[in-house]
Amino acid sequence: MKLFALTAVLSTFAVGVFATAIPPTPFVCQNEKVLATHFIGKNNEVEAQVLSCSNLPSLTARSGAQKRQTNVCGNTCNTNCFTPAGGGPDPNDCQVIADALLYDNQNIGQLFNITVGNPIFMQYASCETFFVNQASYNETYCRDDWSSVIEWVAFNCQSQQNAHGGNCVASDQTWFIQIQTS
Ligand SMILES: *[C@@H]1O[C@H](CO)[C@@H](O)[C@H](O)[C@H]1NC(C)=O
Ligand SMILES: *[C@@H]1O[C@H](CO)[C@@H](O)[C@H](O)[C@H]1NC(C)=O
């Protein structure tokens, strides 16, 4: 059912092809507060958290927001690998997160919401991933798309590519997904 979308998304992940305003440096959540924690996947093996970070725009700072909840599933994103090689996540650990997202996609639902200022964080062993909403409006994304992006970045931003993880930044900059090591 999602094959076409998956193919379309994957074909747009070309590493380093597009210029982006966001430098390929890892995002770090400042003054991190954990608002909620739960475990996902068939065996509850992946930790998932909703965070609050002081270095993201707050709702009050963006009170002029006009758009409502916006579905960004299937939007193209451009991959940036973090250089240099060394200390990246084991892509097989990232695969566990990708599989847990697919499991939840089938058993809970395809869609999840990301409110302004509240990234979603997931971790399994050496692999960590964030979904960061950079828009002035709440976003809805698809678990199967996040799963595909994790797989793509984890396996294509390795030491062979002089990298240790990376991100995939939406073409319109309104969100990005980061894959890094713990
Ligand atoms: C996302 O937020 C919208 C608007 O508040 C709500 O209607 C919808 O049920 C939420 N979707 C999920 C998957 O939580
Ligand atoms: C985003 O969603 C949260 C929770 O549903 C809501 O409190 C907030 O007003 C929404 N923000 C915007 C900018 O729509």
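The analysis underlying the following values was restricted to heavy atoms, covering all of them including side chains, and did not include hydrogens, waters or symmetry mates. Both counts, for ligands and for their atoms, begin at 1 and track the order of listing. Computed from a prediction, not measured in an experiment: that's the story for all the values here.
Residues Leu101 and Tyr103 do not share a hydrophobic cluster, clusters being chains of Ile/Leu/Val/Met/Phe/Trp/Tyr side chains in contact below 4.5 Å.
Just one of Pro91, Pro26, Cys127 meets the side chain to side chain contact (heavy atoms under 4.5 Å, CB included) condition when paired with Ile179; it is Cys127. For the pairing with Gln110, the side-chain hydrogen bond (donor to acceptor under 3.5 Å, both in side chains) check across Asp144, Asp145, Asp104, Thr140 returns one residue only, Asp144.
The shortest distance between side-chain heavy atoms of Asn133 and Thr115 does not fall below 4.5 Å. With a 4.5 Å cut-off on side-chain heavy atoms, Ile150 and Met122 do not count as touching. Counting only heavy atoms from C-beta outward, the side chains of Ile97 and Trp146 never approach each other to under 4.5 Å.
Listed by chain and number, Gln69, Leu111, Asn113 each place a non-hydrogen atom less than 4.0 angstrom from ligand 1.
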